[in-house]
There are 2 protein chains.
Amino acid sequence: MSPQQYDLAHALSRLLGVALAAEEPVLAAHDLQMWDYAVLSALEQGPVGAQAELAALVRRDKTRLIPILDRLEAAGLLRRSVDPADRRNRVVELTASGRQRVTACRADIRAGERRLLAALPPEDATVFVRVLDRLAGDLPDPARASG
Amino acid sequence: MSPQQYDLAHALSRLLGVALAAEEPVLAAHDLQMWDYAVLSALEQGPVGAQAELAALVRRDKTRLIPILDRLEAAGLLRRSVDPADRRNRVVELTASGRQRVTACRADIRAGERRLLAALPPEDATVFVRVLDRLAGDLPDPARASG
DNA sequence: TATTGTTATACTCTATAACTATA
DNA sequence: TATAGTTATAGAGTATAACAATA
């Protein structure tokens, strides 16, 4: 337990566990699973032209994305439609219901995060989040920088 | 991409991915797997009186620990012996070779972490690591606070 | 009877490779 | 032929339950 960095991956792993555990009941309250939320969030800025593109956005294999899309479409949260320009592609977009769901869920998740960070001195929290975003390379959606 | 916290779990997950990817080749260079390193590290402060206790230390099920211990013992990095006081227990401890291995590996991992954090302003790195440790609840081994 | 270490079984998640339809 | 979406198959990882030795 050195005063310097102890084991970055170890500490990150534990904190991620804490964060995920905190998110889980919130997601459940909105009847969403982890990846549902990721997918709906990725669609928030607008339709995506192909499922493969969406898979890249959420960093998930396109095959593993399909059951999720099936479920979300059946729940009426998103819509898949063939692209007339290239009938192989499926353009995916939120329904009004889906947009409403992800907006409400995000608000609750952010509230939980604020509670977690509230235990810290404010300037520490600010630095932490800023550094975290920088290290995580959280760029503004490189795959669709047009927005 | 709000200036406030974006999605804590999301960012943490990505940064953990970066950290693990950076650790992997280092571990491989020392012929260790991720959990090998966790187990050897947990033993660094001294013998552990039972495998179940060791499992709790590394937060892993005792059944999943066994193949790891088998491998590490076969590699001569640790030793299992029956506790004479209670012959059901196996006391686990590092061999000299195991201690040497984990020490060397840790040095390389820490060097990698320093490289990662070197991209930041020094005071940002300090705050980040301090907050991370605090949020991760990285207490000085509650299960064996005697040391 | 309860507990430690171990083994065996089932389940989930993931990765890879076919298959269909479009181009 | 090449690509998007889909389905199917195999592998890794995980959880749970049974088992032998000891208390």
Side-chain angles (χ1 to χ4, degrees), chain A residues 9-10 13-14 16-17 20-21 23-24 27-28 32-39 42-43 47-75 77-93 143-144, chain B residues 9-10 13-14 16-17 20-21 23-24 27-28 32-39 42-43 47-75 77-93 143-144:
Chain A
H10 180 248
S13 170
R14 288 184 57 172
L16 177 61
L20 290 180
E23 269 194 14
E24 195 173 89
L27 289 167
L32 289 177
Q33 299 178 216
M34 193 81 64
W35 284 105
D36 298 347
Y37 179 66
V39 167
L43 293 173
V48 169
Q51 291 181 192
E53 186 184 340
L54 179 57
L57 280 174
V58 300
R59 289 184 165 71
R60 200 157 184 74
D61 196 277
K62 61 171 184 169
T63 55
R64 286 180 279 161
L65 193 65
I66 290 174
I68 301 172
L69 294 180
D70 289 345
R71 178 158 33 80
L72 293 174
E73 188 171 37
L77 300 177
L78 58 78
R79 187 166 31 239
R80 281 188 276 197
S81 46
V82 298
D83 176 2
D86 185 339
R87 295 181 48 77
R88 291 174 302 183
N89 291 337
R90 304 284 176 270
V91 44
V92 188
E93 59 191 328
R144 50 205 311 234
Chain B
H10 179 246
S13 169
R14 288 185 56 172
L16 177 61
L20 289 179
E23 268 194 14
E24 194 174 89
L27 290 166
L32 290 176
Q33 299 178 216
M34 194 82 62
W35 284 105
D36 299 346
Y37 178 66
V39 167
L43 293 173
V48 169
Q51 291 182 192
E53 186 184 340
L54 179 58
L57 280 174
V58 300
R59 290 184 165 70
R60 200 157 183 72
D61 197 276
K62 61 171 184 169
T63 56
R64 286 179 280 162
L65 194 65
I66 291 175
I68 301 171
L69 293 179
D70 289 345
R71 180 159 30 82
L72 292 174
E73 189 172 36
L77 301 177
L78 58 79
R79 187 167 29 239
R80 279 187 280 198
S81 46
V82 298
D83 176 3
D86 185 340
R87 295 182 47 78
R88 291 175 301 184
N89 291 337
R90 304 283 177 271
V91 45
V92 188
E93 59 190 328
R144 51 205 311 233

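Residue numbering restarts at 1 for every chain, and letters A, B, ... go by the order of the sequence lines. Note that this is a predicted model, so its numbers are computed, not measured.
The shortest non-hydrogen separation linking A/D61 to A/A55 is C-CB, 4.2 Å.
No side-chain heavy atom of A/L69 sits less than 4.5 Å from a side-chain heavy atom of A/R90. B/L77 is listed as a side-chain neighbour of B/L32, based on a closest heavy-atom distance under 4.5 Å.
Contact annotation: A/R64 side-chain N/O to D/dG5 OP1/OP2 distance is not under 4.0 Å. Remark: B/R60 is in phosphate contact with D/dT14, judged by side-chain N or O atoms under 4.0 Å from OP1 or OP2. Taking 4.0 angstrom as the limit, A/R88 places none of its side-chain polar atoms (N or O) nearer than this to OP1 or OP2 of C/dT22.
Between B/D70 and A/A85, the residue anchored closer to the 5' end of DNA chain C is B/D70, taking for each the nucleotide with the nearest heavy atom. Map A/W35 and A/T63 each onto its nearest nucleotide of DNA chain C; the residue landing nearer the 5' end is A/W35.
Counting to the nearest Å, the C1' atom of D/dA2 and the CG atom of A/N89 are 13 Å from each other. Taking atom CG of residue A/D83 and atom P of nucleotide C/dA23, one finds them 9 Å apart after rounding to whole Å. B/I68 has its CD1 atom 9 Å from the P atom of D/dT14, to the nearest Å. Across the protein-nucleic acid pair, B/E53 atom CD and C/dT4 atom C1' stand 13 Å apart, rounded to whole Å. Put simply, NZ on A/K62 is 8 Å from C1' on D/dT3, counting in whole angstrom units. One can place CG of A/D61 at 17 Å from P of D/dA8, the figure rounded to the nearest angstrom. In this structure, CD1 of A/I66 is placed 13 Å from P of D/dA4, rounded to the nearest angstrom. Here the P atom of nucleotide D/dG13 and the CG atom of B/L65 are 15 Å apart, to the nearest Å.
Residue A/R80 places its CZ atom among more than 12 non-hydrogen atoms of other residues, nucleotides or ligands, all under 6.0 Å distant.
Distances from the side chain of A/Q51 to the nucleotides C/dG5, D/dT6, D/dA23 place D/dT6 closest. Listed candidates were C/dA23, D/dG5, C/dT4. Nearest to the side chain of A/R87 is C/dA23.
Put simply, the residue from A/E73, A/R71, A/E93 that forms a side chain to side chain contact (heavy atoms under 4.5 Å, CB included) with A/L78 is A/E73.
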